[in-house]
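To start, the structure under review is shown below, and the notes come after it.
Just so it is clear: chains get the letters A, B, ... in the order the sequence lines come, proteins before strands, and each one is counted from 1.
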Protein chains: 2
Amino acid sequence: MKTTRARSITQEDVAREVGVSRTLVSFAFRGAPGVSDETKQAIFDAAKLLGYSHNAAAADLARKQPATVGLFLLDLSNEVYVDVFSGVREAISPMKKRLILSVSHSRGSIDEGSLSSLIEARVGVIIAATLLEPDSQVQELSRTVPLISVTRRVEGVDSVYSNNVAGARAAVEHLLRLGHTRIAHVTGPIHQGHEDRRLTYEEVIHKAGLVPQVVYAQDYTQEAARQAADQLFGALDRPTAVFAHNDEMALGVREIAFVHGLEVPRDLSLVGYDDSRIAKLHGIDLTSVDLHALELGRTAGITALERLAKPDFPVIDRKLEPRLMVRSSTAAPAR
Amino acid sequence: MKTTRARSITQEDVAREVGVSRTLVSFAFRGAPGVSDETKQAIFDAAKLLGYSHNAAAADLARKQPATVGLFLLDLSNEVYVDVFSGVREAISPMKKRLILSVSHSRGSIDEGSLSSLIEARVGVIIAATLLEPDSQVQELSRTVPLISVTRRVEGVDSVYSNNVAGARAAVEHLLRLGHTRIAHVTGPIHQGHEDRRLTYEEVIHKAGLVPQVVYAQDYTQEAARQAADQLFGALDRPTAVFAHNDEMALGVREIAFVHGLEVPRDLSLVGYDDSRIAKLHGIDLTSVDLHALELGRTAGITALERLAKPDFPVIDRKLEPRLMVRSSTAAPAR
DNA sequence: ATGAAAGCGCTAACAT
DNA sequence: ATGTTAGCGCTTTCAT
């Protein structure tokens, strides 16, 4: 039943069928002015008849400047990135830009291939959420292709991000206010540009006259957090509260705490970050910092469009303010 | 600080720099035989020096048959599709195929654009999870480009799917065995090829001498389910158990049940479908049918590769068997 | 091992 | 309103 797909139907074929030049066909398909309604209709009819479909690769090649936005996402199983995607698409789809997606292969370490696949696709601009590379590499990349860094501010590079210092501060202060004195922080490996939450945690804890306790997981996923947090709950003076780098990690901590017989919030207060849908579920009710991922995506999309239009515009820097969402995963420590 | 990006560096530039023909450069980059190690090295060096990067659009155009796999995903906020993605990539990445992603715009209705964007990108094969179009349209599409339908069997089209009849039967029979007599089913709109779960539910319920109660939500999302299931819990003889089309919808039902003051499983037993990570969380513990989404993706990836290699091979049909995962969201009804 | 040359399907001046 | 023409950057016979 498979028909042989020899040579594909081209605009030339359509032109011949209608009896016009290929230019008209090209014009018609791009809605360019200067084609009579009559011929336009004839062209569309013939195209449908012949089964013509536009060849984006050829068009991209012929066109001088690319009409494509590349979106790099770190990890699809973290809902934040799905939200960023939705936001970007929302912002971009009204324009006639194509959006091509690239998802990182590695969840906690540096990833080369995903970015270069975008570059090879000759996108006009790359929106990247989240880059783990050091600033210098990001800056270098942005010299090759216009780049919008999302969820992370990079000096000299268009950046759309959330105020992580404010978010982390709100989270930790919330726990302090509840009366916790042994508050741990669970995070991923150290990467430049991703230290605000941890550093703020350490600072606030210090200022309160307490001792910070940071656990580094292998990456930023639920699984890694679960594994890393295990050590936390074996000791006698285990923490009574944990501030996790993100909701996924908070969920991992929550699972392993349960394995140790600890209930949230009775035995352990837990704060996440991202305010994902899961955090809001009854039975999870995770206190979390909302960084407005969808809005981050929208803003990044708009920024990308602006950058595409004005390559020489000064560096754009957009910071959103997060919001602590208090739920029942946090409470005063048992005494 | 933005440097002007005039004309991009081409193989021609590299060739000139090294003092060879562009053929050699092309050969070198594709690892084609017939280039001395010496010149190959010189070419790579020059490429790096000039900042050359391969142009995929141009290559695709010049190459006769495309080396790209297109993947269509219905909804990224449903973890099943993220798993399918992971599986597909896992299967495909060892080969040198590129993978391009397209995510549906509409979550519960038919979506034209996303598929055509894949066709316009001239992919060699499309893996689609999940297509909502009627069989006839899917079959027609598969005549344009080789198509692998995932999570749904379509006659005459390569299909990789799970046995939904067995899965739904296991789910409903589990509830019957617990003693439930008022079991409702919450699902999305009626689409050809997506009725196995509902039909099986109805059949099993009927055979048990009970009355089926089906609620149709606007699409297959948590939000839609929440909204649609509201009516379920107002009535006096409300169901004591709900079998949802998927985990997302089950979660939606769970939330609205809670709003009505119902606890799971005390007042309501709940069965989902997909066995996503959320289902496994402590506090959620959702009984669910595992359809092995990751494996579905892997299998689809392999199938796509096979189809690419042998366009005229007979239609491939691969069915996986699901598994009911019983957790504490289901219990005997209160009496 | 290396090179010359044709052409992939399309866009975009530039003509008419 | 319509047609002519010259590429875009690459792959790929076919020569040498």
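- Side-chain proximity of B:L61 to the nucleotides D:dT11, C:dC8, C:dA12 is greatest for C:dC8.
- Put simply, CZ on A:R30 is 7 Å from C1' on C:dA12, counting in whole angstrom units.
- Heavy atoms of other residues, nucleotides or ligands lying less than 6.0 angstrom from CD of A:E140 number 12 at most.
- Contact check, B:T23 against C:dA4: no side-chain N or O comes under 4.0 Å of OP1 or OP2.
- For A:L24, taking side-chain heavy atoms from C-beta onward, the closest of the listed nucleotides D:dG3, C:dT2, C:dT11 is D:dG3.
- No side-chain N or O of B:S114 forms a donor-acceptor pair with one of B:S117 less than 3.5 Å apart.
- Straight-line distance from the CD1 atom of B:I119 to the P atom of C:dG9: 16 Å, rounded to whole Å.
- Between A:E12 atom CD and C:dC10 atom P the separation is 10 Å, expressed in whole Å.
- An OP1 or OP2 oxygen of C:dA5 is reached within less than 4.0 angstrom by no side-chain nitrogen or oxygen of B:R22.
- For D:dT2, its base never sits under 3.5 Å from the side chain of A:S36 at any donor and acceptor pair.
- If you check D:dT11, C:dC8, C:dC10 against the side chain of A:N55, the one that comes closest is C:dC10.
- The phosphate of D:dC8 (OP1 or OP2) has no side-chain N or O of A:R63 nearer than 4.0 angstrom.
- Between the CZ atom of A:F313 and the CG atom of A:L308 there is a distance of 14.5 Å, given to the nearest 0.5 Å.
- Atom-to-atom, NZ of A:K40 to P of D:dA1 comes out at 9 Å; the value is rounded to the nearest Å.
- Residue B:R122 contributes atom CZ, which lies 14 Å from atom P of C:dC8 at whole-angstrom precision.
- Put simply, A:T10 has no side-chain N or O that comes within less than 4.0 Å of OP1 or OP2 on C:dG9.
- Within the 4.0 Å cut-off from OP1 or OP2 of D:dT12, not a single side-chain nitrogen or oxygen of B:S26 is found.
- Ring orientation note: the planes of A:H191 and A:Y220 are tilted relative to one another, at an angle of 30° to 60°.
- In this structure, the nucleotide among D:dT13, C:dC10, D:dT11 sitting nearest to the side chain of B:F27 is D:dT13.
- No side-chain heavy atom of B:V88 sits under 4.5 Å from any side-chain heavy atom of B:R298.
- At the heavy-atom level, B:Y52 lies under 4.0 Å from the strands shown only through sugar-phosphate atoms.
- Between B:S8 and D:dG9, a side-chain N or O to OP1/OP2 separation shorter than 4.0 Å is present.
- Rounded to whole Å, the distance from CD on B:Q11 to C1' on D:dC8 is 13 Å.
- When the C1' atom of C:dA12 is taken as reference, atom CG of A:D60 falls 15 Å away, rounded to whole Å.
- Rounding to whole angstrom units, CG of residue B:D37 and C1' of C:dT2 are separated by 15 Å.
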